[in-house]
Amino acid sequence: MPEGHTLHRLAHAIDEQFAGQIVAASSPQGRFADSASLVDNTVLEGAETWGKHLFIGFEGLRHVHVHLGLIGSFQVQAGPPPLPVGQVRLRLEARTPPAYADLRGATTCELVSDEGRRAIVDRLGPDPLREDADPGGAWARIGRSRAPIGALLMDQEVLGGVGNVYRAELLFRHRMHPLRPGNTLRLAQFLAMWTDLVDLMRYGVLTGRIDTVRPEHTPEAMGREPRRDDHGGEVYVYRRHGQPCLVCGAKVRTDTLVARNLFWCPRCQPRFRSRARSR
DNA sequence: CTCACATGTTAAG
DNA sequence: TTAACCTGTGAGC
């Protein structure tokens with residue numbers, strides 16, 4: 001489920017259901033029992049997201065730091081809480097009006113101080129979904145790195161919140177080969193990608209899906225079957241390997257980069273050629 | 001039913 | 001570079 005847009009949606013949902021209220025915190029599964037008891041029945045002041053990190057702030061400058069990892073989920077619901085089903089690592093409950101939130105499968109769920117939160121945030125690159133994000137910080141890394149742009153986009157110290165789907169789709173939309181070295185990009189190219197990423201991710205926050213295809217490539221426009229995939233959105237290349245590119249018809253390719261599946265169109269995203277070739 | 005795999009990250013070798 | 005962690009889903013038997 002989780003790239004940055006998912007975490008921002010969660011922060012909004014938590015604010016909506018719990019902010020300003022005294023909240024019961026428990027750990028039905030037990031692994032978070034000690035920390036849960038420390039914030040139990042205190043005021044939840046607000047939730048905030050930075051990249052893929054969620055911080056739920058309680059009175060006294062204490063934050064529950066959550067990272068969903070690959071398979072975590074945080075279900076936030078209005079209404080009376082049911083009996084916990086499965087391994088609920090953290091449950092929050094509000095009474096007025098009733099609401100609950102169940103955290104499962106997260107890789108991180110810990111109580112941190114204000115300083116602890118700052119230390120985590122300081123290690124993250126700019127988050128395209130935050131108003132205060134400064135793309136210059138990301139460009140400082142990308143513009144002088146020989147690492148592949150496909151790896152840099154996923155590096156949370158470079159950009160906070162980009163995951164495998166946004167990586168693949170952003171590179172496709174900008175006709176950029178994933179292995180192109182970061183330091184061969186021009187600033188204008190990077191800024192165009194950043195602007196696009198902000199748009200795509202904001203749309204993801206609104207809809208809860210990752211949709212990246214332009215109007216002319218939607219299933220309706222092309223008369224093709226809508227794609228039903230886990231992430232639920234319409235995309236150009238992500239997990240479409242072996243299928244025809246929606247733009248040029250070439251077979252979408254796949255490979256592994258930094259231990260993650262990579263997808264790209266070999267025709268729309270040609271290998272980068274250095275300037276030495278021409279002239 | 002069992003198995004592989006997944007929008008992620010860390011730590012060990 | 002690999003394994004480990006944790007849960008849900010879908011494919012295949």
Side-chain angles (χ1 to χ4, degrees), chain A residues 1-11 27-33 35 49-55 65-76 84-91 101-110 112 116 119-125 127-129 147-148 150-173 178 197 200-213 225-242 252 254-264:
Chain A
M1 297 281 298
E3 295 197 26
H5 68 301
T6 303
L7 281 298
H8 280 266
R9 280 173 70 85
L10 277 173
S27 181
Q29 175 241 28
R31 280 178 87 155
F32 191 51
S35 301
T49 289
W50 208 298
K52 297 170 189 165
H53 297 257
L54 174 66
F55 299 94
H65 169 220
V66 170
H67 195 296
L68 294 180
L70 187 57
I71 62 178
S73 70
F74 208 169
Q75 182 190 12
V76 181
V85 177
Q87 301 284 91
V88 177
R89 202 153 167 196
L90 173 69
R91 164 170 278 191
D102 283 348
L103 177 71
R104 297 163 215 270
T107 54
T108 302
C109 177
E110 60 179 357
V112 297
I120 292 160
V121 166
D122 282 349
R123 276 187 274 113
L124 296 171
D127 177 346
L129 287 173
L152 291 165
L153 290 176
M154 293 271 287
D155 185 339
Q156 300 298 296
E157 294 183 13
V158 175
L159 284 170
V162 177
N164 208 10
V165 185
Y166 282 122
R167 161 179 77 167
E169 295 301 306
L170 188 71
L171 289 171
F172 178 87
R173 286 168 61 95
L197 193 52
L200 290 173
M201 293 184 76
R202 279 187 184 160
Y203 189 73
V205 173
L206 289 178
T207 62
R209 333 186 326 164
I210 300 181
D211 289 290
T212 60
V213 298
E225 282 299 301
R227 180 155 179 281
R228 282 311 300 175
D229 203 335
D230 294 349
H231 73 283
E234 286 298 330
V235 293
Y236 283 107
V237 291
Y238 176 71
R239 280 215 230 173
R240 291 196 66 249
H241 54 291
V252 174
T254 184
D255 202 346
T256 300
L257 179 61
V258 234
R260 305 301 301 281
N261 293 326
L262 182 66
F263 306 91
W264 78 100

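Lettering follows sequence order; numbering is per chain, from 1.
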### Task
Provide, to the nearest angstrom, the distance between the CZ atom belonging to A/Arg239 and the P atom belonging to B/dT7.
6 Å
### Message
Between B/dC5 and C/dC13, how far apart are the two P atoms, rounded to whole Å?
### Response
14 Å
### A/Gly163 backbone acceptor or donor facing A/Glu3 side chain under 3.5 Å
yes
### Query
Given atom CZ of A/Arg89 and atom P of C/dC6, what is their separation to the nearest angstrom?
8 Å
### Query
Expressed in angstrom and rounded to an integer, what is the separation of A/Gln87 atom CD from C/dC5 atom P?
14 Å
### Query
Taking only side-chain nitrogens and oxygens of A/Arg260, does any of them come within less than 4.0 Å of OP1 or OP2 of B/dT7?
yes
### Query
Would a 4.5 Å heavy-atom cut-off, applied to side chains only, mark A/Val88 and A/Arg104 as touching?
yes
### Message
For a quick test of reading the model: is some side-chain N or O of A/Lys52 closer than 4.0 Å to OP1 or OP2 of B/dT7?
### Response
no
### Message
How many whole angstroms separate atom OH of A/Tyr238 from atom P of B/dG8?
### Response
8 Å
### Phosphate-side-chain proximity, A/His67 and B/dT9, N/O vs OP1/OP2 below 4.0 Å
yes
### Task
Would you kindly say whether A/His241 and A/Asn261 are connected by a side-chain donor-acceptor distance under 3.5 Å?
no
### Query
Once you round it to whole Å, what is the distance between P of B/dT9 and CD of A/Gln156?
4 Å
### Message
What's the gap between B/dT7 and C/dT1 when it is taken at their C1' atoms, as a whole Å value?
### Response
23 Å
### Task
Write down the distance between NE2 (A/His53) and C1' (B/dT7), rounded to a whole number of angstrom.
15 Å
### Query
Tell me: CD of A/Gln29 to P of C/dC5, nearest whole Å?
14 Å
#### Entry: Minimum heavy-atom distance between A/Leu197 and A/Pro128, given as atom pair plus value
CD2-CG, 3.8 Å
### Task
Rounded to whole angstrom, note down the P distance from C/dC5 over to B/dG13.
13 Å
### Query
Which listed nucleotide (B/dG8, C/dC6, B/dA6) is nearest to the side chain of A/Asn164?
B/dG8
### Message
B/dA6, OP1 or OP2 - any side-chain N/O from A/Asn261 closer than 4.0 Å?
### Response
yes
### Query
A/Leu124 has an atom CG; how far is it from atom P of B/dG8, in whole Å?
14 Å
### Task
Looking only at side-chain atoms of A/Thr107, point me to the closest of C/dC6, C/dT7, C/dT2.
C/dC6
### Message
With rounding to the closest Å, how many angstrom separate the P atoms on C/dC6 and B/dA12?
### Response
16 Å
### Query
With a 4.0 Å cut-off on heavy atoms, is A/Arg167 in touch with a base, just the backbone sugar-phosphate, or nothing at all?
nothing
### Query
Is the A/Phe172 ring parallel, tilted or perpendicular to the A/Tyr236 ring (thresholds 30°, 60°)?
parallel
#### Entry: Among C/dT7, B/dT7, B/dG8, the nucleotide that comes nearest once only the side chain of A/Met154 is considered
B/dG8
### Query
Distance-only, no hydrogens or angles: does the A/Arg260 side chain make a donor-acceptor pair with backbone N or O of A/Asn164 under 3.5 Å?
no
#### Entry: Phosphate OP1/OP2 of B/dT7 contacted by A/Tyr166 side-chain N/O (<4.0 Å)
no
### Task
With heavy atoms under 4.0 Å as the rule, sort A/Gly163 into base, sugar-phosphate or nothing.
sugar-phosphate
